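Everything quoted here is computed from the prediction, not taken from an experiment. Along the sequence shown, the residues carry numbers beginning at 1. Whatever order the structure lists ligands and atoms in, that order sets their numbers, starting from 1.
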Amino acid sequence: MPPQPRHFLTLLDLSAGEAETLIQRAIELKGMLRAGVDYQPLKRRTLAMVFEKSSTRTRVSFEAGMVQFGGHALFLSPRDTQLGRGEPIEDSARVLSRMVDAVMIRTFDHDKVERFAAHSSVPVINGLTDRFHPCQLLADVQTYVEHRGDIRGRRVAFVGDGNNMCHSYMNAARLFDFELRVACPEGFEPDAELLAQLGDRCEVVRDPVEAARGADLISTDVWASMGQESEQDDRAEAFAHYCVNAEVMAAARPDALFMHCLPAHRGEEVTAEVIDGPQSVVWDEAENRLHAQKALMELLMVGGPQAT
Ligand code: CP
Ligand code: NVA
């Protein structure tokens, strides 16, 4: 029987040691790219990218990463594949994985990536589901490490919806060993089961300023995620006080960083002053999607760094 492929459906598919090594490798790959080093460990390999939701960063970073590694990426959307015409996800997984070397999926139900992975003979990467966005957290942690060093023991505040980004920050708090405070309105809390797994490492509060007090990193995300467009008006009301503004940043440590996975809505979850201000590292964070995912693909597809 062929060996079981290694998937990345949540951050917890990595051990703490692997995660730390992967972040260091992402930083190294970034340096190699900048220095013009020709490193192509994925020659003749193909990544299928299934997008059931929109994307700028995820699509471009995976596609550019595959090209830089000497491979190729295929963009597949339900609009022009049989996935959109009801072909079972299990059958799609069996077929695609006989032709390509890895599959990245962005979809709605997390259950769908799990079912795909269960029937795939090649690694499957979660490119965002309603529940988790693990690739984004690899980039966020890389960005923190580059700017401030080790994230272990640091205090992180997530302001906003208890959504896929919040859940991934929760998993990251476990994996990278930092403290997390979530500020969200009533009724928009993160998943209770995940919260219970974090014990006293994660606290949910109502006040963004309280969450930010003494924090080393403040992160936020949109009020209405993809698929929740019809809730935009109700959410705008519920989240009206959940804006990362100068007052929230002032409660954090003076050297605190601001992150946002993007796309951002200035004047909603963050003010222009903050996202375009000196503590914001959102452009480095966006760029690091490329480097962190290259390190991830190298690990999943060829087991780690290859001889040059
Ligand atoms: N942050 C992020 O995943 O961006 P995209 O939706 O543009 O891929
Ligand atoms: N929570 C957002 C993240 C976008 C990258 C969404 O799911 O739309």
**OP:** Compute the ring centroids of Tyr242 and Phe188, then answer whether they are less than 6.0 Å apart.
**Re:** no
Subject >> Contact list for residues 22-46, test ring pair (Phe, Tyr, Trp, His ring centres under 6.0 Å), sequence neighbours left out >> reply: Tyr39-Phe69
Original post:
Polar-atom distance check: Met226 versus ligand 2, any N or O pair below 3.5 Å?
Top reply: yes
**OP:** Please indicate whether any nitrogen or oxygen in Lys53 is less than 3.5 Å from any nitrogen or oxygen in ligand 2.
**Re:** no
Subject >> Nearest option to atom 2 (C) of ligand 2, as decided by whichever heavy atom of Gly160, Ser54, Ser225 sits closest >> reply: Ser225
**OP:** For Gln68, check side chain to side chain donor-acceptor pair (under 3.5 Å) against everything at least two apart and list the hits.
**Re:**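 For Gln68, the residues satisfying side chain to side chain donor-acceptor pair (under 3.5 Å) (neighbours in sequence not counted) are Lys294.
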Please report which non-hydrogen protein atom sits nearest to [atom], along with the residue it belongs to and the distance in Å to one decimal place.
atom	answer
atom 4 (C) of ligand 2	Leu128 CD1, 3.9 Å
atom 7 (O) of ligand 2	Asn164 ND2, 2.8 Å
atom 3 (C) of ligand 2	Asp221 OD2, 3.6 Å

Heavy-atom check, side chain of [X] versus side chain of [Y], under 4.5 Å:
X	Y	value
Val50	Arg106	no
Ile125	Val103	no
Pro134	Leu137	no
Cys135	Phe8	yes
Asp216	Leu257	no

**OP:** Report all protein residues having a heavy-atom distance below 4.0 Å to some atom of ligand 1; order the list by chain, then number.
**Re:** Ser55, Thr56, Arg57, Thr58, Arg106, His133, Gln136, Cys261, Leu262, Arg289
Listing, residues 151-159 side-chain donor-acceptor contacts under 3.5 Å, not counting sequence neighbours, or none:
unit_1: Arg152; atom_1: NH2; unit_2: Glu20; atom_2: OE1; d: 2.9
unit_1: Arg154; atom_1: NE; unit_2: Asp150; atom_2: O; d: 3.3
unit_1: Arg155; atom_1: NE; unit_2: Glu179; atom_2: OE1; d: 3.3

Subject >> Asn163: numbered ligand 2 atoms lying under 4.0 Å from its heavy atoms >> reply: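 It comes down to these atoms of ligand 2: 1 (N).
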Subject >> Per-atom contacts of ligand 2 with Leu262, taking only distances under 4.0 Å to non-hydrogen atoms >> reply: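 Listed by number with element, the hits are 5 (C).
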Original post:
Are the charged groups of Arg213 and Glu210 less than 4.0 angstrom apart, N to O?
Top reply: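 So Arg213 does not pair with Glu210 through a salt bridge.
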Original post:
Are any of the heavy atoms in Thr58 under 4.0 Å away from ligand 2?
Top reply: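 It does not, in that no heavy atom of Thr58 comes within the 4.0 Å cut-off of ligand 2.
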